[in-house]
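What you are looking at is a predicted structure, and each value in this text was computed from that prediction instead of being measured.
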Amino acid sequence: MTSLVRHITIDCSDAYALAGFWSRVLDAPRSDEDAPGDPEALVEAPGAALLFISVPEPKGTKNRLHLDIQPQDRTRDEEVERLLGLGATLVADHRKPDGRGWATLADPEGNEFCVECSAAERASLTGTRLPVTADDVTTAVRLAVDALRESRVDDWLVPAGSLEWNCWETAEHLSDDLFSYATQLGPRRPALDAYMPYRWGATREGGPANAVFADPSAGPAGLLQTLEANGALLTAMVRTASPEVRSYHSYGVSDPEGFAAMGTVETLVHTQDLAASLDIAWAPPADLCDRVLARLFPDAPKDADRWAVLLWATGRAELPGRPRVTSWKWHSAPLDEPGRE
């Protein structure tokens, strides 16, 4: 077992105040245990938390270590403007006319940090696709659970859209999919020729064969808890598994990104199956649909609405000018590797 970075520790004159600035920068909470005047304060950011320590010495020169931050839902330039509004100052502007480069800022106590291009900007500059990430799984599952919780339909035993399963079975199957994909990434040496050896079974003939089931007495609220929990399991496994890990899927041996994409697609399309029967609105973000299409359906049309294309690619809708899809499978193997089925 090796060591891990637990904190990035930053000396400063006012730990609580500076932690407040970085809490807003990273949209991460400052520890509830900290208060004004405390000698240290913690920002619980994903990855390595930031620990601020009050010291008597003033900052004397340029930092030998600094943070590089990358905006997740806005451009580099939009993020620079946001951070300036929070109290940062511009130290050096290394942005180039072609969109490349970075800006060096300083926090309110003068600690330098850099703002880089977003992943979307990098992809555009290099002509590459955006990867599907653990955060995409989180986004898809949370959007789905929030939408399904809005349903006022009490009877979840009605058919789910055009499926042969009812709404309970469909949501339970989705939860089981997320669990299954997470466990495929768990062993130190994942199998390349079989799913995990759980006991799979259906509660009725024609129903989905699952390894995990929700307690019917918990009702839809309990069912959605299992969905959210298994989504969190997949998120955690995708986030922590090495990109080099490969594991079995019947459509081709896949990697962590592939399992993230498959879990995201399962979430988006099965929520669509549920939406009409449970009387809820459902239209996931176009950029999320675009990323999973690029990963799992690389030959899908690129000139049409991304959600409409995803529904078409999974046989759930018509697409003007294209024949209806009646049989489909995604490309689960990494795109730069031959599929192993």
Side-chain angles (χ1 to χ4, degrees), residues 72-73 118-120 122-123 128-145 170 173-186 190 192 195-196 227-228 230-273 282-302 304-317 325 328-341:
Q72 301 300 297
D73 56 358
S118 68
R122 284 181 179 273
T128 58
R129 67 177 181 86
L130 278 172
V132 183
T133 68
D135 290 335
D136 289 327
V137 178
T138 297
T139 296
V141 172
R142 288 182 177 176
L143 288 174
V145 169
T170 301
H173 164 76
L174 170 56
S175 176
D176 184 80
D177 277 340
L178 299 174
F179 169 83
S180 174
Y181 293 157
T183 62
Q184 287 300 114
L185 296 171
L192 301 180
Y195 288 116
M196 290 289 292
L227 175 57
E228 194 163 25
N230 287 335
L233 286 177
L234 178 56
T235 294
M237 291 307 304
V238 170
R239 195 182 304 282
T240 57
S242 166
E244 304 306 315
V245 166
R246 298 293 182 267
S247 187
Y248 178 78
H249 188 277
S250 57
Y251 289 173
V253 170
S254 197
D255 60 349
E257 186 201 0
F259 283 105
M262 289 184 278
T264 300
V265 169
E266 296 273 14
T267 302
L268 300 185
V269 300
H270 280 314
T271 303
Q272 173 69 14
D273 296 330
W282 179 241
D287 60 335
L288 180 58
C289 297
D290 188 58
R291 287 193 291 279
V292 295
L293 281 166
R295 173 60 180 82
L296 296 179
F297 302 94
D299 298 324
K302 296 176 174 55
D305 177 84
R306 309 319 290 153
W307 177 223
V309 172
L310 184 56
L311 291 175
W312 169 82
T314 55
R316 286 169 167 79
V325 173
W328 61 274
K329 62 166 55 177
W330 50 46
H331 186 96
S332 53
L335 296 179
D336 59 352
E337 298 177 11
R340 288 176 286 183
E341 300 184 13

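What you find for V245 and P190 is that their closest heavy atoms are CG1-CG, 3.9 Å. Scanning both residues, D136 and P131, for their nearest heavy atoms gives OD2-O, 3.9 Å. For the residue pair A140 and T264, the shortest heavy atom distance occurs at CB-CG2, 3.8 Å. Between S242 and P256, the closest heavy-atom pair is O-CG, 3.3 Å. Considering all non-hydrogen atoms of both residues, P243 and D255 come closest at O-CB, 4.2 Å. Across all their heavy atoms, V325 and A313 have their closest contact at CG1-O, 3.9 Å.
Exactly one residue among T267, L233, T235 makes a side chain to side chain contact (heavy atoms under 4.5 Å, CB included) with V137. That residue is T235.
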task = Show your working on side chain to side chain contact (heavy atoms under 4.5 Å, CB included) between F297 and T314 and close with a plain yes or no.
result = CA-CA 10 Å; F297 302 94; T314 55; 4.0 Å; yes

task = Evaluate the side chain to side chain contact (heavy atoms under 4.5 Å, CB included) criterion for residues V292 and L310: first the C-alpha distance (whole Å), next the side-chain angles of each, then the deciding distance (0.1 Å), finally the verdict.
result = CA-CA 9 Å; V292 295; L310 184 56; 4.2 Å; yes

message = One pair to check against side chain to side chain contact (heavy atoms under 4.5 Å, CB included): L178 and L227. What are the steps and the verdict?
response = CA-CA 8 Å; L178 299 174; L227 175 57; 3.6 Å; yes

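Note that CH2 of W312 and CH2 of W328 are 12.5 Å apart. Values are rounded to the nearest 0.5 Å. Taken to the nearest 0.5 Å, the CZ atom of R306 stands 5.0 Å off from the CG atom of D290. Between L234 atom CG and S180 atom OG the span is 10.0 Å, to the nearest 0.5 Å. To the nearest 0.5 Å, the span separating CE on M196 from CG on L185 amounts to 10.5 Å. One distance of note links CG of L268 with CG of D273; it measures 11.0 Å at 0.5 Å rounding. Atoms CZ and CZ, from R129 and R291 in turn, are 11.0 Å apart once rounded to the nearest 0.5 Å.
Not one N or O on the side chain of S332 forms a donor-acceptor pair closer than 3.5 Å with the backbone of S254. Judged by distance alone, with hydrogens and angles left aside, the side-chain atoms of R295 form a donor-acceptor pair with the main-chain N or O of H331 at under 3.5 Å.
Relative orientation of the F259 and Y181 rings is tilted, given thresholds of 30° and 60° on the angle between their planes. Classified by interplanar angle (parallel below 30°, tilted 30° to 60°, perpendicular above 60°), the ring pair W307/W282 is perpendicular. The aromatic rings of W330 and H249 lie tilted to each other, with the angle between the two planes from 30° to 60°.
Looking at Q272 and P284, their side chains never come closer than 4.5 Å, going by heavy atoms from C-beta outward.
In the model, S250 has a side-chain atom that pairs as donor or acceptor with a side-chain atom of Y195 under 3.5 Å.
Residues satisfying the salt bridge (Lys or Arg N to Asp or Glu O under 4.0 Å) criterion with R142, sequence neighbours excluded, are absent altogether. Every residue two or more places apart in sequence or in another chain that forms a salt bridge (Lys or Arg N to Asp or Glu O under 4.0 Å) with E228 is listed here: R149.
Between R239 and D135, at least one side-chain N (NZ, or NE/NH1/NH2) sits under 4.0 Å from a carboxylate O, which counts as a salt bridge.
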